[in-house]
Peer 1: 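Below: one structure in structure tokens.
Position 1 is the first residue of the sequence; numbering continues from there. Just the heavy atoms: all of them, side chains too, but no hydrogens, waters or symmetry mates, feed the values below.
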Amino acid sequence: PQVLSLERIVARIVEAMHASLTAARGEVRVEPLPEVGGDALAIEQLFANLLGNAVAYARPDVPARIEVAAEDDLARTPGYTVIRVSDN
């Protein structure tokens, strides 16, 4: 595991998805995200899949709205952060 900036990872993925977001008239709102320990490739793949699915399965007549946020200790376990990816 290595220390990863989730904000940088999500920003890179959103940038790579620019064309599909534009086609879906979509936008991604990213709230401040923490640094976490983990496998960079696995974390990038996870976020790419979540954001990609949100765009791919958006209703065609409604612009895609995606939000990525973090909530410390939502699981009530010290040292853990819950990351929430939600869409309309």
Side-chain angles (χ1 to χ4, degrees):
Q2 59 187 346
V3 176
L4 307 169
S5 168
L6 292 183
E7 284 191 22
R8 280 192 224 139
I9 289 172
V10 172
R12 279 196 308 264
I13 293 166
V14 170
E15 184 178 322
M17 294 177 60
H18 178 74
S20 59
L21 281 167
T22 300
R25 297 176 293 140
E27 71 175 346
V28 179
R29 181 173 159 233
V30 182
E31 293 184 10
L33 299 173
E35 290 186 338
V36 298
D39 179 290
L41 185 59
I43 297 293
E44 288 184 26
Q45 187 67 49
L46 173 72
F47 279 102
N49 287 347
L50 290 170
L51 297 172
N53 284 346
V55 172
Y57 295 104
R59 294 182 303 224
D61 56 333
V62 178
R65 301 289 177 254
I66 305 161
E67 182 179 305
V68 182
E71 298 180 31
D72 287 337
D73 201 22
L74 185 64
R76 301 203 188 280
T77 306
Y80 284 80
T81 299
V82 174
I83 306 299
R84 177 175 36 89
V85 178
S86 55
D87 64 61
N88 60 340

Peer 1: Specify the closest pair of heavy atoms between T81 and A70, including all atoms of both residues, with the distance to one decimal.
Peer 2: CG2-CB, 3.8 Å

Peer 1: Take atom CZ of R25 as the centre, draw a 6.0 Å sphere, and report whether it contains more than 12 heavy atoms from other residues, nucleotides or ligands.
Peer 2: yes

Peer 1: Is there a side-chain contact (heavy atoms from CB on, under 4.5 Å) between V85 and F47 once you walk through the steps?
Peer 2: CA-CA 9 Å; V85 178; F47 279 102; 4.1 Å; yes

Peer 1: Nearest 0.5 Å, please: how far is CD1 in I13 from CD in Q45?
Peer 2: 8.5 Å

Peer 1: Distance check, rounded to the nearest 0.5 Å: L51 atom CG versus S20 atom OG?
Peer 2: 9.5 Å

Peer 1: Search all heavy atoms of A54 against all heavy atoms of I66 and return the closest pair with its distance.
Peer 2: CB-CD1, 3.7 Å

Peer 1: Does L4 offer a backbone N or O that forms a donor-acceptor pair with the side chain of E35 under 3.5 Å?
Peer 2: no

Peer 1: Check whether any side-chain heavy atom of P32 lies under 4.5 Å from a side-chain heavy atom of E7, and answer yes or no.
Peer 2: yes

Peer 1: Run the numbers on V68 and E31 for side-chain contact (heavy atoms from CB on, under 4.5 Å), then give the verdict.
Peer 2: CA-CA 6 Å; V68 182; E31 293 184 10; over 6 Å; no

Peer 1: Is there a side-chain contact (heavy atoms from CB on, under 4.5 Å) between V30 and V28? Walk through the geometry before answering.
Peer 2: CA-CA 6 Å; V30 182; V28 179; 3.8 Å; yes

Peer 1: So which heavy atom on A40 is nearest to which on Q2, and how close?
Peer 2: CB-NE2, 3.2 Å

Peer 1: Over all heavy atoms of both residues, which pair between A24 and V55 is shortest? Give the atoms and the distance, please.
Peer 2: CB-CG1, 4.0 Å

Peer 1: Please answer whether the main-chain N or O of E44 pairs with a side-chain N or O of D39 as donor and acceptor at a distance below 3.5 Å.
Peer 2: no

Peer 1: For R29 and E67, which heavy atoms make the closest approach, and how far apart are they?
Peer 2: NH1-OE1, 3.0 Å

Peer 1: Taking all non-hydrogen atoms of both residues into account, name the closest pair between I83 and P34 and its distance.
Peer 2: CD1-CD, 4.3 Å

